[in-house]
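All values below were derived from every heavy atom in this structure, side-chain atoms included, with hydrogens, water molecules and symmetry-related copies excluded.
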Amino acid sequence: MQIHAAHGYLLHQFLSPLSNVRDDEYGGGLENRMRFPLEVFDAVRASFPADRPVGVRVSGTDWAEGGWDIDQTIEFAKALEARGCSVVHVSSGGLTADQKIPVGPSYQVPLARAVKAATKMPVVAVGLIVDFEQAEAIVATATPI
């Protein structure tokens, strides 16, 4: 089971300070912006069989000034891990037309590596990984689980 919290979809809209302009307990600081996505994770984890994995797809960054960034992603990933998340799938962008994405081979891999360095759970990397040699090089240089 994978919960989608990336690319400007609802849970990402709560996470990003660009889209979440609420002034209640679900807006403002990072802890509040993470509240609803973490509540959703908790509800899914509680209702899904304990022996089955529940992962979360996240945007590692909004690629826009003042937006969701890798440091916030790492804090979110740590909170997910503490709640029993099985895997984090790190992608990026998709929230704002103001995004400036440095598209190129493996461009999102550094985001996934940053999350992997800060957690113990498996992390999925994506982003213009187009052939097996490139994929093998990414895996060969990854930090072991």
Side-chain angles (χ1 to χ4, degrees), residues 1-23 25-45 48 51-145:
M1 162 73 69
Q2 184 177 73
I3 298 168
H4 203 312
H7 308 305
Y9 289 105
L10 179 64
L11 299 180
H12 184 200
Q13 290 177 25
F14 271 85
L15 292 168
S16 178
L18 294 177
S19 52
N20 185 341
V21 295
R22 299 173 66 105
D23 61 2
E25 67 272 15
Y26 292 97
L30 179 60
E31 183 177 334
N32 284 359
R33 287 184 282 116
M34 292 191 315
R35 185 181 316 275
F36 180 63
L38 290 173
E39 287 175 352
V40 169
F41 177 84
D42 290 344
V44 171
R45 180 68 277 174
F48 204 65
D51 64 332
R52 303 296 303 262
V54 176
V56 179
R57 185 169 191 179
V58 300
S59 284
T61 178
D62 286 335
W63 299 115
E65 188 174 335
W68 184 251
D69 60 27
I70 191 60
D71 293 330
Q72 294 171 92
T73 301
I74 289 168
E75 291 308 310
F76 184 50
K78 288 177 179 179
L80 289 166
E81 184 175 42
R83 287 172 157 75
C85 185
S86 303
V87 61
V88 171
H89 178 165
V90 183
S91 189
S92 68
L95 179 79
T96 177
D98 295 332
Q99 64 191 9
K100 295 187 178 23
I101 303 174
V103 176
S106 304
Y107 74 102
Q108 296 175 125
V109 172
L111 300 169
R113 285 192 172 161
V115 172
K116 181 61 188 158
T119 65
K120 292 185 172 99
M121 68 187 143
V123 175
V124 177
V126 296
L128 283 179
I129 302 169
V130 297
D131 60 44
F132 71 89
E133 290 97 354
Q134 180 187 11
E136 283 184 355
I138 292 165
V139 171
T141 58
T143 304
I145 296 174

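- The closest side-chain heavy-atom distance from N20 to L15 is not below 4.5 Å.
- With hydrogens and angles ignored, the 3.5 Å screen pairs no side-chain donor or acceptor of Q108 with any backbone N or O of V90.
- Checked by atom type and distance alone, the side chain of S59 pairs as donor or acceptor with a backbone atom of G93 at under 3.5 Å.
- When the side chain to side chain contact (heavy atoms under 4.5 Å, CB included) test is applied to T61, the partners found at least two apart in sequence or on another chain are W63, S92, L111.
- For D71, the side chain to side chain donor-acceptor pair (under 3.5 Å) criterion is met by no residue, not counting sequence neighbours.
- Of all the heavy atoms in A118 and I74, the pair that sits closest is CB-CG2, 3.4 Å.
- Sorted by first and then second residue, the pairs that involve residues 79-91 and meet salt bridge (Lys or Arg N to Asp or Glu O under 4.0 Å), not counting sequence neighbours, are D42-R83.
- At least one side-chain heavy atom of D62 sits under 4.5 Å from a side-chain heavy atom of H12.
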Donor-acceptor contacts under 3.5 Å from residues 124-135 side chains, at least two apart:
from, atom 1, to, atom 2, distance (Å)
D131, OD1, E133, N, 3.3
D131, OD1, Q134, N, 2.8
Q134, OE1, V130, N, 2.7
Q134, NE2, S106, OG, 2.7
Q134, NE2, L128, O, 2.9

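- Residues V115 and I70 meet the side-chain proximity criterion, which asks for heavy atoms closer than 4.5 Å.
- Between R45 and the choices I3, V40, V54, the side chain to side chain contact (heavy atoms under 4.5 Å, CB included) rule is met once, by V54.
- For Q72, the side chain to side chain donor-acceptor pair (under 3.5 Å) test picks out R33, D69, with sequence neighbours left out.
- A search for side chain to side chain contact (heavy atoms under 4.5 Å, CB included) contacts involving S19 returns Q13, S16, L95, not counting sequence neighbours.
- Residues that satisfy the ring-ring contact (aromatic ring centres under 6.0 Å, His included) test with Y9, not counting sequence neighbours, are H4.
- The shortest heavy-atom contact between P102 and Y107 is O-CB, 3.4 Å.
- Checked against side chain to side chain contact (heavy atoms under 4.5 Å, CB included), A137 has no partners two or more places apart in sequence or in another chain.
- Here E75 pairs with nothing under the side chain to side chain donor-acceptor pair (under 3.5 Å) rule; sequence neighbours left out.
- Minimum heavy-atom separation, V56 to F76: CG1-CE2, 4.3 Å.
- The number of heavy atoms from other shown groups lying within 6.0 Å of CD (E39) is above 12.
- Partners of N32 under the side chain to side chain donor-acceptor pair (under 3.5 Å) rule, at least two apart in sequence or in another chain, are R35.
- Here the straight-line distance linking atom NZ of K78 with atom SG of C85 works out to 15.0 Å at 0.5 Å rounding.
- Among all heavy-atom pairs drawn from A77 and V88, the shortest one is CB-CG2, 4.4 Å.
- Contact check for L10 versus F36: side-chain heavy atoms found under the 4.5 Å cut-off.
- Annotation: side chain of L18 is not in contact with side chain of W68 (no heavy-atom distance under 4.5 Å).
- With contacts defined as side-chain heavy-atom distances shorter than 4.5 Å, the pair T141/R113 qualifies.
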